[in-house]
Q: 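Quick one: this structure, given as structure tokens, is what I'll be asking you about.
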Amino acid sequence: MVTKYLILIGAALLSALPAVADDLVYLKCDVKATETTIQSSTNEILEKRDLATEGFYKIDALNSRLTSDNSGDWEDVTIANGIATDQFKEVENGVTSVGKASIEFSPPGVFNMEYTASQDDILLKMVMTGTCQNTDRETAEKGMNQ
């Protein structure tokens with residue numbers, strides 16, 4: 001008798017869960033950034049500019065990964081308490097990039113990213129902040145392809 005109830009409860013729970021393919025969070029984030037280019041040897045600011053942009057993100061919380069309008073590849077992230085975080089260090093074509101990012105997605109909220117890229121005697125620093133809101137799959141994927 002107990003087994004029968006467990007099977008019924010299990011079936012009810014499974015039917016209430018979304019399909020894995022639909023278990024993605026789509027976000028639209030309005031982001032402001034400050035980009036500063038510095039000559040490392042003199043610490044002279046060569047250029048500083050403020051930017052505003054819109055970013056789209058697809059988060060797969062089940063598999064701890066996300067993708068964005070900036071890359072078609074999935075990035076592994078750490079997910080805890082509804083926040084996706086990542087720290088990275090890459091060297092490609094002589095450019096060293098170091099940074100960290102976080103996106104509140106459940107519920108949607110703050111976006112933060114700090115990024116530094118250096119090559120030879122030039123250092124590029126970018127600080128990005130913004131807010132995110134839920135969006136639908138079609139809108140996010142259209143935005144990611146722009």
Side-chain angles (χ1 to χ4, degrees), residues 1-38 40 45-120 122-146:
M1 188 77 155
V2 172
T3 305
K4 180 179 177 183
Y5 287 120
L6 289 176
I7 291 171
L8 288 173
I9 290 170
L13 286 173
L14 287 175
S15 67
L17 293 174
V20 173
D22 294 329
D23 199 23
L24 300 173
V25 175
Y26 296 92
L27 297 175
K28 174 185 161 202
C29 303
D30 295 313
V31 178
K32 292 184 180 183
T34 300
E35 179 183 85
T36 308
T37 305
I38 302 168
S40 299
I45 295 175
L46 303 175
E47 181 181 11
K48 185 172 185 175
R49 59 188 186 145
D50 293 324
L51 310 165
T53 188
E54 187 175 77
F56 293 89
Y57 298 87
K58 179 168 40 175
I59 299 174
D60 179 355
L62 187 63
N63 294 301
S64 297
R65 61 188 190 152
L66 70 77
T67 189
S68 71
D69 56 337
N70 298 320
S71 80
D73 298 327
W74 287 98
E75 296 290 330
D76 292 330
V77 295
T78 301
I79 293 184
N81 302 318
I83 303 170
T85 58
D86 188 26
Q87 293 188 358
F88 53 91
K89 181 176 183 178
E90 302 171 352
V91 178
E92 187 175 326
N93 298 324
V95 178
T96 301
S97 303
V98 179
K100 60 183 178 179
S102 68
I103 302 175
E104 295 177 359
F105 68 92
S106 183
V110 177
F111 172 94
N112 285 305
M113 181 174 180
E114 294 180 21
Y115 172 90
T116 302
S118 60
Q119 183 176 25
D120 301 325
I122 301 296
L123 181 69
L124 173 77
K125 290 185 177 184
M126 175 123 13
V127 176
M128 303 168 72
T129 59
T131 55
C132 300
Q133 60 189 10
N134 284 322
T135 191
D136 60 272
R137 176 181 177 174
E138 182 179 333
T139 301
E141 290 183 350
K142 182 178 177 184
M144 292 169 71
N145 289 326
Q146 291 181 358

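Residue numbers start at 1 and run along the sequence shown. Bear in mind that the values here come from a model prediction, so they are computed numbers and not experimental data.
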Q: Can you name the residues that form a side-chain hydrogen bond (donor to acceptor under 3.5 Å, both in side chains) with D136, not counting sequence neighbours?
A: T139
Q: Which pair of non-hydrogen atoms, one from I59 and one from L66, has the smallest distance, and what is that distance?
A: CG1-CB, 4.0 Å
Q: Can you list every side-chain hydrogen bond (donor to acceptor under 3.5 Å, both in side chains) pair that touches residues 89-98, not counting sequence neighbours?
A: S97-Y115
Q: Looking at K58, I'd like to know if its NZ atom is crowded, meaning that more than 12 non-hydrogen atoms belonging to other residues, nucleotides or ligands lie closer than 6.0 Å.
A: yes
Q: As an exercise, state the distance from NZ of K125 to CD1 of I45, rounded to the nearest 0.5 Å.
A: 9.0 Å
Q: Residues two or more places apart in sequence or in another chain: which of them pass ring-ring contact (aromatic ring centres under 6.0 Å, His included) with F105?
A: none
Q: Minimum heavy-atom separation for F88 to K100, with atom names?
A: CE2-N, 3.9 Å
Q: Can you give the donor-acceptor pairs under 3.5 Å from side chains of residues 28-38 to other protein atoms, not counting sequence neighbours?
A:
unit_1: K28; atom_1: NZ; unit_2: E54; atom_2: OE2; d: 3.4
unit_1: T34; atom_1: OG1; unit_2: D50; atom_2: OD1; d: 3.0
unit_1: E35; atom_1: OE1; unit_2: R49; atom_2: NE; d: 2.6
unit_1: E35; atom_1: OE1; unit_2: R49; atom_2: NH2; d: 3.0

Q: Which heavy atom in A140 sits nearest to a heavy atom in Y26, and how many Å separate them?
A: CB-CD2, 3.6 Å
Q: Who passes side-chain contact (heavy atoms from CB on, under 4.5 Å) against S106, sequence neighbours left out?
A: none
Q: Could you give the distance from CD (E141) to CZ (F56), rounded to the nearest 0.5 Å?
A: 11.5 Å
Q: Measuring from I122:CD1 to S40:OG, what's the distance to the nearest 0.5 Å?
A: 7.0 Å
Q: Is atom CD of Q119 surrounded by more than 12 heavy atoms (other residues, nucleotides or ligands) closer than 6.0 Å?
A: yes
Q: Measure the CG-CG distance between L27 and N134 for me, rounded to the nearest 0.5 Å.
A: 6.0 Å
Q: Taking it one step at a time, do T116 and L123 satisfy side-chain contact (heavy atoms from CB on, under 4.5 Å)?
A: CA-CA 7 Å; T116 302; L123 181 69; 3.1 Å; yes
Q: Minimum heavy-atom separation for I79 and S64, please, with both atom names.
A: CD1-CA, 3.8 Å
Q: Mind checking the CZ-CG spacing from R65 to L24? Nearest 0.5 Å is all I need.
A: 7.5 Å
Q: Taking side chain to side chain contact (heavy atoms under 4.5 Å, CB included) as the criterion, tell me which of T78, V77, D76 meets it with D86.
A: V77
Q: Identify, with sequence neighbours excluded, every residue that meets side-chain contact (heavy atoms from CB on, under 4.5 Å) alongside A101.
A: M113
